[in-house]
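Heads up, the thing below is written out as C-alpha cells.
Computed from a prediction, not measured in an experiment: that's the story for all the values here.
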Amino acid sequence: MAKSKCSNSKRVSVSYISVPSQIINSLSSSSLQSLLLSPKKTSRSNNRFLSFKSPRLWFLILLLFSLLGMLKLGYNLDTLIPFSPYPCTTSPQTQGLISDRYSKSQLALASKSGEHSKNDEKDGVLFSKPEVGNGANSENDGEKVEEGEFWKQPDGLGYKPCLVFSRDYKRASEGIVKDRRKYLIVVVSGGMNQQRNQIVDAVVIARILGAALVVPILQVNVIWGDESEFADIFDLEHFKRVLANDVRIVSSLPSTHLMTRPVEGSPPLHVSPQWIRARYLKRLNRDGVLLLRGLDSRLSKDLPSDLQRLRCKVAFHALRFAPPILELGNKLAERMRNKGPYLALHLRMEKDVWIRTGCLPGLSHEYDEIVNNERKQRPELLTARSNMTYHDRKLAGLCPLNALDVTRLLKALGAPKDARIYWAGGQPLGGKEALLPLTQEFTHFYNKEDLALPGELEPLRNRASVMAAIDYIVSENSDVFMPSHGGNMGHALQGHRAYAGHKKYITPNKRQMLHYFLNSSLSESEFKNIIKELHRDSLGQPELRSSKAGRDVTKYPVPECMCRDSRTHSNL
C-alpha cells in the first residue's frame, strides 16, 4: 500500500471527526469548527446552570443525544458510503467526505510533502497519477478531474511479459546454436523503425533455417543518406547475449565461407516457415551461405507460438539501443519529466508523407500546389489509392492528421493547456507555420532540438536513424503517446508500450471522428462527449492479436508474449 501523503507533514496536527456529507453541507464552517474545538473552562462566577452537579445540565445532555438520534434516523446514515480510516484519502469514493476543517491549503501541504508517493515506478519510468478534486462542484474542479483522466493509465488486466518456450523449442536450440555450416546474411533497408522490423524477422528466419545470423547489414538510406551500421544504433554485444540460446549471432563470415558464392533471394510477401524451408534449406545446406534482401513484411505474421515469442524476445529484449544513444535519449526524457507527466506526439507532416499518402497539408494553396506538382512529376511515390480524391481519402482515415486536427482531438480528450508535449518526427512541410495551431494552444511544446544542450546533437546531425532512435526513447518513456498517422514507429511503440504494462497509447479514430470535425452545428460539450466516446476503447487497453488474422505480434503481444496467470514471467 502506498504511504499516506500526509504522513510526512509532522508539523500539522489535526483532529478528525467522521461526519456524514449531508450533515456537513447543512452546517456552517463556524458551527463545524465548534464541533472540533474543545470548550473553554467556565469561571466560578458563571451560573451554576453549567455545573456538572446541576440536574439541568444532565437533562440538556440527554436532550442533545435524543436530537442526534432523530437526525440519524432522518438521514438514513447507514446507506452512506463507508468512511476511509485515513483522513488524507482523496480517492473518488471518499473525496466528498473530507470535512471543511481539512482545508485546501492543508491538502496542498500534504501533497507537497508526499509528492513522490503520487508516482508509481515501473521499468524506470515514473507514471504520474491523476490529481483528484476535493469534492466541490466548481468548474475548476471539473477541469482538474478531466485533466486527471487524460493522464490516467488504461487497465492492463494483469497482463505481464510471459516468454515461456516449449520443450521442443529448447531441445532444438542446442543443435542450432552449435551449427557451424550454415550462415544467413541479410540486408535491411528503410528508416530505423523499418530496419528494426526486418531485423526481428531476420532472426526468426535464421532460426527456421537453423543457420547462424551474420550481424545485419544496414543499407544506406537513399532519402537521408545515413551510413550508420548496426553497432552504431544497437547494442551489439547485448543483442548477441540475449539471443545466445536461440540463434548464433556472428559479426562476420568465418574464413571457411568467405569465398563461397551465396544463394540470393527475396521472399514474396507473408511466406510461411514451410515456404522458407522448402525454398532455401536444401541450397543452404549445400552452399552454406544465404543472402536475403528486402525482408519488409516478407515473413507471415501468423507463426507457431514459439516463433512468435522469439519475435517478442528480439523486439523487446535483444534490440536495445547503443549506450550513447540510450544515455542521451533518457536524458531528454528526464528533462521532459522534471515538471510532471508529458505527452509524446509522432507527427507525420513531412513533405514526402503528404506526397505518398495522396493528401494535402491544409496550410495554404501554395503548399497544396507544391505537393500536387511533386506528385505529378513522381507518380510512383503515391502509395494510397489513386482513384480517390483528397477529400475522400481524408474522410476514409487515410490521411495524417494536421496540426489543427491534432489540437482539436487533444482538447476534446481533455489534455490540459499546460500539458508538456514532446513531438517526434521530421520537419513538417511549412515549418513552424504548420505547427501554429498546436503551439498556440499548448505552449509547453518541445522536440529534441529544444531539449538538447548546446553541442549535444552535433555529432548526430547527419545520422537520421540515430535521431529517430532518440525520438523513440523519449516517446517510449512518455506517460501518453499518440501518432498522427500509422507507420512503423507508431506500430513499434504500440507493442513496446503494451509489453511495458499497457502504457497509454491513443489511436486516433480518424475514419469516424473527422465527420464530426466538419460538423459546425455541434456545441463544444457535444463534440467533446462524442470524441471521448469514439476513443473509449482506443487508449492502449489489452487487445488480443488472435482476434484478427494477420496482426503483428510485436504490435499486439497478447496472448503469445503476455499472460496473467502463474506463468507470468520471462524465461530468457
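- By the ring pair (Phe, Tyr, Trp, His ring centres under 6.0 Å) test, Tyr183 pairs with His257, sequence neighbours left out.
- Ionic pairing of Asp226 and Arg463 is not present here: no N-O contact between side-chain nitrogen and carboxylate oxygen is shorter than 4.0 angstrom.
- Screening residues 414-427 for salt bridge (charged side-chain N to carboxylate O under 4.0 Å, His left out) gives no qualifying pairs among residues at least two apart or on separate chains.
- Listed by first then second residue, pairs satisfying salt bridge (charged side-chain N to carboxylate O under 4.0 Å, His left out) with a partner in residues 189-215 read Asp201-Arg311, not counting sequence neighbours.
- In this structure, NE2 on His346 lies 7.0 Å from OG on Ser484, to the nearest 0.5 angstrom.
- Under a 3.5 Å cut-off, the side chain of Arg348 and the backbone N or O of Gly426 do not form any donor-acceptor pair.
- In this structure, Ser538 contributes its side chain and Ile506 its backbone to no donor-acceptor pair below 3.5 Å.
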List the atom pairs, donor and acceptor, that lie under 3.5 Å between side-chain atoms in residues 445-454 and the rest of the protein, sequence neighbours left out.
from   : atom 1 : to     : atom 2 : distance (Å)
Asn447 : OD1    : Glu449 : N      : 3.1
Asn447 : OD1    : Asp450 : N      : 3.1
Lys448 : NZ     : Asp471 : OD1    : 3.2
Lys448 : NZ     : Asp471 : OD2    : 2.9
Glu449 : OE1    : Arg461 : NH1    : 2.9
Glu449 : OE1    : Arg461 : NH2    : 3.4
Glu449 : OE2    : Arg461 : NH1    : 2.8
Asp450 : OD2    : Asn447 : N      : 2.9

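- Atom CZ of Arg180 has more than 12 heavy atoms from other residues, nucleotides or ligands within 6.0 Å.
- Remark: Lys301 is not positioned above the aromatic ring of Tyr556, lacking an NZ or CZ atom under 6.0 angstrom from the ring centre and at most 45 degrees off the axis.
- Across Gly490 and Tyr505, no two heavy atoms sit closer than the pair O-OH, 2.8 Å.
- Pairs engaging residues 248-276 under the salt bridge (charged side-chain N to carboxylate O under 4.0 Å, His left out) rule: none recorded [sequence neighbours left out].
- Judged as a ring pair (Phe, Tyr, Trp, His ring centres under 6.0 Å), the pairs with a partner in residues 447-479 (not counting sequence neighbours) are, in order, Phe321-Tyr472, Tyr472-His496.
- Scanning for side-chain hydrogen bond (donor to acceptor under 3.5 Å, both in side chains) contacts around His491 gives Lys555, with sequence neighbours left out.
- A centroid separation of less than 6.0 Å is found between the aromatic rings of Tyr499 and Phe316.
- Using a distance-only test at 3.5 Å, with no hydrogens or angles considered, a donor-acceptor pair links the side chain of Lys503 to the main chain of Glu476.
- Looking at Asn338, its side chain never comes within 3.5 Å of a backbone N or O of Glu334 through a donor-acceptor pair.
- Contact check on Asp405 versus Lys510 returns no salt bridge, with no Lys/Arg side-chain nitrogen under 4.0 Å from an Asp/Glu carboxylate oxygen.
- Under the 3.5 Å distance criterion, the side-chain polar atoms of Gln198 are left unmatched by any main-chain donor or acceptor of Val186.
- Within the structure, the disulfide bond (SG atoms under 2.5 Å apart) test picks out the following pairs touching residues 261-346 (sequence neighbours left out): Cys312-Cys561.
- If you take OG1 on Thr407 and CG on Leu438, they are separated by 3.5 Å, rounding to the nearest 0.5 Å.
- For the salt bridge (charged side-chain N to carboxylate O under 4.0 Å, His left out) test, residues two or more places apart in sequence or in another chain that qualify with Arg320 are Asp235.
- By the 4.5 Å heavy-atom criterion applied to side chains, Leu299 and Ile205 are counted as neighbours.
- To the nearest 0.5 Å, atom CD1 of residue Ile473 and atom NZ of residue Lys331 are 12.5 Å apart.
- For the residue pair Val177 and Val247, the shortest heavy atom distance occurs at CG1-N, 4.1 Å.
- Here the OG atom belonging to Ser300 is positioned 11.0 Å from the CG atom belonging to Leu269, to the nearest 0.5 angstrom.
- For the pair Ile531 and Leu413, the minimum side-chain heavy-atom distance is below 4.5 Å.
- Remark: Leu457 CG to Leu328 CG distance equals 6.0 Å, nearest 0.5 Å.
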For this session: Using the salt bridge (Lys or Arg N to Asp or Glu O under 4.0 Å) rule, take Glu149 and Lys532 through it: C-alpha gap first, then chi angles, then the decisive distance, then the call.
Result: CA-CA 11 Å; Glu149 285 296 315; Lys532 284 185 177 180; over 6 Å; no
Problem set entry | salt bridge (Lys or Arg N to Asp or Glu O under 4.0 Å) evaluation trace for Asp352 with Arg356 | CA-CA 6 Å; Asp352 69 294; Arg356 287 188 290 103; 3.4 Å; yes
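- Qualifying side-chain hydrogen bond (donor to acceptor under 3.5 Å, both in side chains) partners for Asp246, counting only residues two or more places apart in sequence or in other chains: Tyr169, Lys313.
- Looking only at distances, a side-chain donor or acceptor of Asp179 sits under 3.5 Å from a matching main-chain atom of Arg181.
- Annotation: Arg335, atom CZ; neighbour count of heavy atoms from other residues, nucleotides and ligands within 6.0 Å is above 12.
- Counting only residues at least two apart or in different chains, disulfide bond (SG atoms under 2.5 Å apart) contacts with residues 276-306 are absent.
- Evaluation of the disulfide bond (SG atoms under 2.5 Å apart) test over residues 271-301, restricted to residues two or more places apart or in two chains, returns none.
- Residues Asn402 and Pro361 fail the side-chain proximity criterion, which asks for heavy atoms closer than 4.5 Å.
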Exercise. Between Asn197 and Asn488, is a side chain to side chain donor-acceptor pair (under 3.5 Å) present by the stated rule, with each step listed?
Worked result: CA-CA 8 Å; Asn197 293 339; Asn488 292 302; 3.1 Å; yes
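- With Arg309 contributing its side chain and Ser166 its backbone, the two residues share no donor-acceptor pair below 3.5 Å.
- Judged by distance alone, with hydrogens and angles left aside, the side-chain atoms of Gln541 form a donor-acceptor pair with the main-chain N or O of Arg536 at under 3.5 Å.
- Taking CG of Leu332 as the reference point, atom CZ of Arg337 lies at 13.5 Å (rounded to 0.5 Å).
- Looking at Arg277, its side chain never comes within 3.5 Å of a backbone N or O of Leu209 through a donor-acceptor pair.
- Crowding of Glu174 atom CD: a count of heavy atoms from other residues, nucleotides or ligands under 6.0 Å not exceeding 12.
- No side-chain heavy atom of Phe239 sits less than 4.5 Å from a side-chain heavy atom of Val215.
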